[in-house]
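For ligands, and for the atoms within them, numbers begin at 1 and follow the listed sequence. The chain is numbered in sequence order, starting from 1. Below, all heavy atoms of this structure are taken into account, side chains as well, without hydrogens, waters or symmetry copies.
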Amino acid sequence: VTLEQQQQVSSVLNDFGLTRHGWARLERPFSFDLYEEWIASGYQGEMEYLKRHAPTKAQPTIILPQAKSAIAVAFNYYPHPRAQNETSQNTLTSSRVALYARGEDYHLWFQKILDDTCIELQKRFPQDVFKASSDSAPVLERDLAARAGLGWIGKNTCLIDTQEGSLFFIGEILTSLSPKQVGVLSPDRCGTCTRCIDICPTQALIEPRKLDARLCISYLNIESKAPPPPELREKMGDWMFGCDLCQTVCPWNEKAFGKAIMQQEINPLQSRAKLIEELKWILETEDDALQMTLRDTPLLRRGAYGLKKNSLIVAGNKGLSELVSVIEKLKVKIEKKNIKFRTDKDIWLLELCEWAILRIS
Ligand code: B12
Ligand code: SF4
Ligand code: SF4
């Protein structure tokens with residue numbers, strides 16, 4: 001396409017609020033060797049799909065054979081664009097939840113913005129094809145966005161922008177358009193800083209830009225089904241869903257959002273009474289009802305089970321003795337099930353109930 005046509009695409013994206021975007025050619029990702037090495041080391045843990053997706057990640061045209069390039073998009077999630085009302089029921093307000101998850105699920109609303117943008121682009125370029133995704137297709141998104149010029153990969157492995165920090169989602173539109181101009185890699189601006197590596201409670205950042213996902217709190221309380229080994233459980237502290245520490249400590253987020261605000265996120269003021277009330281609600285509510293209330297939030301990645309699992313870990317780590325009777329009730333409820341019908345999740349929850357009670361006492 002001509003530069004003028006590229007401008008036209010840009011203005012469509014801007015109209016949809018996608019002002020931070022850049023182009024990259026659909027070639028083998030810059031860091032694909034690193035990715036393969038990472039998988040070979042087993043750092044992905046239970047996320048087997050990362051291994052399965054490797055061939056497509058190496059050659060993204062498998063997703064869309066006509067595609068020649070990708071338009072990578074960065075979209076801030078802080079402050080959250082679809083925040084849940086503090087008083088609304090369908091969210092968690094007292095537990096510690098990662099910033100990206102404090103609102104409606106981006107897999108729904110961000111994907112919709114990207115899809116609507118594609119519909120408009122299709123009207124302007126009827127001979128071409130456009131396909132959008134964010135987190136949902138086998139694309140190495142950080143690499144792609146870095147090549148599109150949207151930031152550099154920090155030592156915490158996140159993509160960072162000098163003005164906007166790193167608290168943003170990445171999305172991409174694969175297209176058959178072949179751009180005249182593509183992004184350029186940004187220089188590394190981490191310098192001698194090691195704050196993210198130092199703050200990580202589980203030492204998951206084993207080297208700059210290398211994360212052992214099996215140790216990352218965000219993996220342990222979002223992705224992984226099985227409960228973490230007890231020595232890791234204790235290090236997860238009060239994180240109910242995800243973890244932001246290696247980002248809220250980053251000077252580039254302090255610059256973008258204010259130092260005091262980021263520090264508040266590192267050490268939030270929490271009401272013990274409200275936390276207890278919320279964990280009690282999670283542990284006592286039937287799975288279906290819990291799932292109904294929290295639908296359309298990202299908190300249900302592992303369903304009601306995931307939230308119960310995380311609540312037991314938080315209750316144990318915070319020493320919430322007021323919850324012992326609630327935990328005991330949950331234990332009895334699971335034990336009442338005929339042993340033949342007990343699922344892995346039942347067995348895991350039983351073990352966690354025992355662990356939590358012991359840790360509290
Ligand atoms: C699996 C996954 C996870 C795993 C593993 C994360 C990890 N660091 O590996 C877990 C569950 C732990 C996780 C956690 C989080 N995730 Co996540 N995750 C993904 C997912 C689905 C795949 C990432 C992956 O393949 N990891 C394997 C490693 C090896 O690859 P990588 O992280 O992409 O790293 C590459 C680059 O670092 C690159 N690289 C290294 N040096 C250099 C140098 C240059 C010059 C270049 C070009 C590249 C490069 O090499 C690596 C291998 O290719 C992506 C979506 C996607 N499809 O890409 C989202 C994604 C990376 N996650 C995202 C988010 C928001 C998070 C959390 C902040 C959520 C939270 N608050 O709890 C945390 C952050 C933790 C952290 N420090 O990374 C965003 C990141 C946005 C950003 N600004 O970077 C993504 C892109 C989702 C999205 N569409 O927005 N995540
Ligand atoms: S998200 Fe939390 S646990 Fe994971 S690497 Fe960052 S600080 Fe460590
Ligand atoms: S905390 Fe420091 S080392 Fe880590 S990503 Fe930010 S600037 Fe880089």
Looking at [atom], would you say a protein heavy atom lies below 4.0 Å from it?
atom	answer
atom 70 (C) of ligand 1	yes
atom 79 (C) of ligand 1	no
atom 60 (C) of ligand 1	no

Aromatic plane relationship, F110 with Y106 - under 30° parallel, 30 to 60° tilted, over 60° perpendicular: tilted
Numbering as shown, the atoms of ligand 3 that approach [X] to under 4.0 Å (heavy-atom distance):
X	value
N156	5 (S)
C193	1 (S), 2 (Fe), 3 (S), 7 (S)
I160	5 (S)
W252	7 (S)

Find all atoms of ligand 1 within a distance of less than 4.0 Å from any non-hydrogen atom belonging to [X], and give their numbers and elements.
X	result
F169	90 (O)
F168	81 (C), 82 (C), 83 (N)
E223	11 (C)
D244	71 (N)
V139	56 (C), 57 (N), 58 (O)
S134	89 (N)
T157	8 (N), 76 (C), 77 (N), 78 (O)

From L283 atom CG to E328 atom CD, the distance as rounded to the nearest 0.5 Å: 12.5 Å
Nitrogen or oxygen of S31 less than 3.5 angstrom from that of ligand 1: yes
Closest protein heavy atom (residue, atom, distance) for atom 3 (S) of ligand 2: I217 N, 3.2 Å
Nearest neighbour in protein (non-hydrogen) for atom 7 (S) of ligand 2: C246 N, 3.4 Å
4.0 Å heavy-atom contact, K57 with ligand 1: yes
Non-hydrogen atom of Q247 closer than 4.0 Å to ligand 1: yes
Going by the closest heavy atom to [atom], which one wins out of [options]?
atom	options	answer
atom 8 (Fe) of ligand 3	G165, C190, P251, P208	C190
atom 4 (Fe) of ligand 2	A98, A204, P201, C216	C216
atom 1 (S) of ligand 3	C158, C196, C200, G154	C196

Any I197 heavy atom less than 4.0 Å to ligand 3: no
Heteroatom test (N, O or S) for C243 near atom 4 (Fe) of ligand 2, limit 2.8 Å: no
Mode of L50 contact toward ligand 1 - side chain, backbone, both, neither (heavy atoms, under 4.0 Å): side chain
Metal site atom 2 (Fe) of ligand 3: N/O/S of C250 inside 2.8 Å: no
Backbone of D135 reached by a side-chain donor or acceptor of E141 within 3.5 Å: yes
Pairing of K280 and E322 as salt bridge, 4.0 angstrom limit: no
